[in-house]
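In what follows, every chain begins at residue 1, and chains take the letters A, B, ... in the order their sequences are listed. What you see below is based on every heavy atom in this structure, not just the backbone, and it leaves out hydrogens, waters and symmetry mates.
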There are 2 protein chains.
Amino acid sequence: MAKKGQYTYEYPHPAVTADSVVFGYDGKELKVLLIKRGAEKEASTTAYAGEWALPGGFLDVEKDKTIAYTAKRELKEETGLRLSEKEFKEFGTFSDIKRDPRERVITIAHYALVKLTEVQADTDADKAEWFSLKEVPSLAFDHDKILRDAFSRLKQDIHFQPVGFELLPEIFTLPQLQNLYESILEVKFDRRNFANKMKHYGILSEVEDGTPRHGTRTPIKYRFDKENYDRLKGNGFRLEF
Amino acid sequence: MAKKGQYTYEYPHPAVTADSVVFGYDGKELKVLLIKRGAEKEASTTAYAGEWALPGGFLDVEKDKTIAYTAKRELKEETGLRLSEKEFKEFGTFSDIKRDPRERVITIAHYALVKLTEVQADTDADKAEWFSLKEVPSLAFDHDKILRDAFSRLKQDIHFQPVGFELLPEIFTLPQLQNLYESILEVKFDRRNFANKMKHYGILSEVEDGTPRHGTRTPIKYRFDKENYDRLKGNGFRLEF
DNA sequence: AGCTTTATGCGTTGCTATTACGCAAATTTT
DNA sequence: AAAATTTGCGTAATAGCAACGCATAAAGCT
């Protein structure tokens with residue numbers, strides 16, 4: 001254990017944290033993963049004790065190779081979720097001088113997209129909880145603003161990059177995909193035009209699962225064509241609204 | 001002057017800097033502003049002494065309200081250029097554990113666009129110099145990578161937001177505007193289609209400067225319609241390529 | 001059970017935007 | 001003087017997009 005006051009510098013240094021906004025989709029609406037701040041182990045986490053906050057924590061100056069690694073490590077520690085560093089998308093720095101009452105703390109904010117249906121079992125329910133975006137409580141520090149910024153960044157990104165793969169289960173239906181887009185963009189699309197567009201991109205593969213499609217009301221099942229999907233991510237596209 | 005070893009912390013803290021990639025356009029090609037690192041005042045700047053680098057410097061933990069302010073302050077100190085905080089666009093954090101040989105330094109990277117023709121006089125030529133993007137020397141730290149990332153970010157942003165206003169002189173011609181876009185995107189557009197598109201956006205106002213247009217070869221002069229320009233920035237648009 | 005409402009897939013039509021060019025005039029280059 | 005270049009103005013063909021109709025089966029309702 002480190003002794004108090006062991007680390008000295010010629011000039012004042014800020015603390016640096018990585019915070020993560022983890023979005024999940026349950027087939028109906030967009031959710032976000034929050035943790036409850038406790039006065040458990042570290043004395044430094046007592047600020048805003050008991051309040052809800054984004055998962056995240058301090059950069060380990062000596063061990064964390066990059067900030068993305070900090071985000072990954074802290075998410076695992078605080079919520080049980082294991083994501084790879086690549087899945088964290090950095091979207092901004094929050095550096096306001098008063099944002100943490102204890103000392104100067106700069107946070108590098110990230111967002112990540114996960115298949116809620118698959119990861120729900122892995123999230124440590126004692127510490128973490130999924131909240132509907134519409135029912136998020138007020139958060140510690142400036143995490144309200146960070147969350148708002150993350151959502152508007154996701155909203156922007158989705159116009160130019162497909163995001164379904166990260167959020168939907170492997171097999172899904174077109175109405176599900178459309179609902180996902182509508183949840184994120186907060187708009188409504190015409191059913192048939194949306195279907196045409198998605199099919200036109202060539203990122204969907206029909207799934208034959210034995211069940212002979214009974215009626216027109218049972219939606220056709222799809223999976224993503226990973227190859228075309230990634231190509232489209234690289235090239236970018238434009239989804240109107 | 002601060003005494004040595006005055007600032008102590010329970011856990012190690014990183015240093016935090018703000019670095020800026022300042023792009024300018026001289027009517028022909030895109031340029032970037034670099035500084036020559038010297039062993040002048042601060043002992044801490046001796047790393048990579050004599051090499052070219054991006055302007056930037058350490059966050060003043062006690063005085064700088066935000067990282068953007070650090071960027072603004074350091075740019076002024078190092079190059080003489082005065083920009084407002086809003087003109088700095090943050091595009092990423094560089095946090096590799098080995099990126100600075102002295103200690104752990106996290107940098108928040110920004111880019112800015114300026115009218116080269118107007119600011120050239122303000123840049124302190126003793127310390128700073130404008131380089132063509134094609135002739136940039138190899139840079140200190142990981143600044144090569146930061147510069148590459150800034151350029152590709154600018155390239156992305158220009159697809160969805162007009163950028164001419166920030167880079168061109170107040171009065172300019174359509175060929176100039178097209179050349180700017182072509183310089184950034186590294187592609188060629190069809191002259192007439194480009195003109196049609198720009199006119200269609202409604203952000204151009206023809207300038208009557210007495211000179212009765214001699215021949216068709218003297219390009220028509222324009223200025224930006226600031227109101228429509230800003231509206232377009234807000235809404236976003238899509239420039240194909 | 002029988003009727004109404006809703007969800008899904010497959011299309012069509014008109015409109016707008018985009019692309020790929022042609023042409024004339026004047027300047028610059030050779 | 002001739003040739004090549006640059007600029008503005010225009011047009012035809014095409015592709016993409018938005019708005020909408022129709023048939024069918026499931027789900028909801030009385």
Would you please name every residue forming a side-chain hydrogen bond (donor to acceptor under 3.5 Å, both in side chains) with Thr123(B), sequence neighbours left out?
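Counting only residues at least two positions away or on another chain, Thr123(B) forms no side-chain hydrogen bond (donor to acceptor under 3.5 Å, both in side chains).
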Which residues satisfy the side-chain hydrogen bond (donor to acceptor under 3.5 Å, both in side chains) test with Gln176(B), sequence neighbours excluded?
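side-chain hydrogen bond (donor to acceptor under 3.5 Å, both in side chains) list for Gln176(B), sorted by chain: empty.
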Rounded to whole angstroms, how far apart are [atom1] on [X] and [atom2] on [N]?
| X | N | atom1 | atom2 | value |
| --- | --- | --- | --- | --- |
| Ile220(B) | dT7(D) | CD1 | P | 11 Å |
| Asn196(B) | dT18(C) | CG | C1' | 10 Å |
| Phe189(B) | dC21(C) | CZ | P | 17 Å |
| Asn193(A) | dT13(C) | CG | P | 15 Å |
| Arg192(B) | dC23(C) | CZ | P | 11 Å |
| Leu174(B) | dC9(D) | CG | P | 9 Å |
| His200(A) | dC17(D) | NE2 | C1' | 11 Å |
| Gln176(B) | dT7(D) | CD | P | 10 Å |

Taking side-chain contact (heavy atoms from CB on, under 4.5 Å) as the criterion, tell me which of Leu33(B), Val119(B), Asp122(B) meets it with Val114(B).
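Result: among Leu33(B), Val119(B), Asp122(B), Val119(B) is the only option passing the side-chain contact (heavy atoms from CB on, under 4.5 Å) with Val114(B).
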Which residues satisfy the side chain to side chain contact (heavy atoms under 4.5 Å, CB included) test with Lys199(B), sequence neighbours excluded?
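For Lys199(B) the side chain to side chain contact (heavy atoms under 4.5 Å, CB included) partners, ignoring immediate neighbours, are Leu174(B), Tyr222(B).
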Is the phosphate of dT18(C) approached by Lys197(B) (side-chain N or O, under 4.0 Å from OP1 or OP2)?
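Answer is yes, contact under 4.0 Å.
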Considering just the side-chain nitrogens and oxygens of Lys199(A), establish if one lies under 4.0 Å of OP1 or OP2 belonging to dC10(C).
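It does, given that an N or O in the side chain of Lys199(A) lies less than 4.0 Å from OP1 or OP2 of dC10(C).
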Side-chain donor-acceptor pairs under 3.5 Å in residues 189-196 of chain A, sequence neighbours left out?
from	atom 1	to	atom 2	distance (Å)
Asp190(A)	OD1	Arg192(A)	N	2.9
Asp190(A)	OD1	Asn193(A)	N	3.1
Asn196(A)	ND2	Arg192(A)	O	3.3

Residues that Trp52(A) engages under ring pair (Phe, Tyr, Trp, His ring centres under 6.0 Å), provided they are two or more places apart
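In terms of ring pair (Phe, Tyr, Trp, His ring centres under 6.0 Å), with neighbours along the sequence ignored, Trp52(A) is linked to Phe131(A).
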So which protein N/O to nucleotides 3-6 of chain D N/O distances come out below 3.5 Å?
from	atom 1	to	atom 2	distance (Å)
dT5(D)	O2	Arg217(B)	NH1	2.4
dT6(D)	O4'	Arg217(B)	NE	3.1
dT6(D)	O4'	Arg217(B)	NH2	3.2

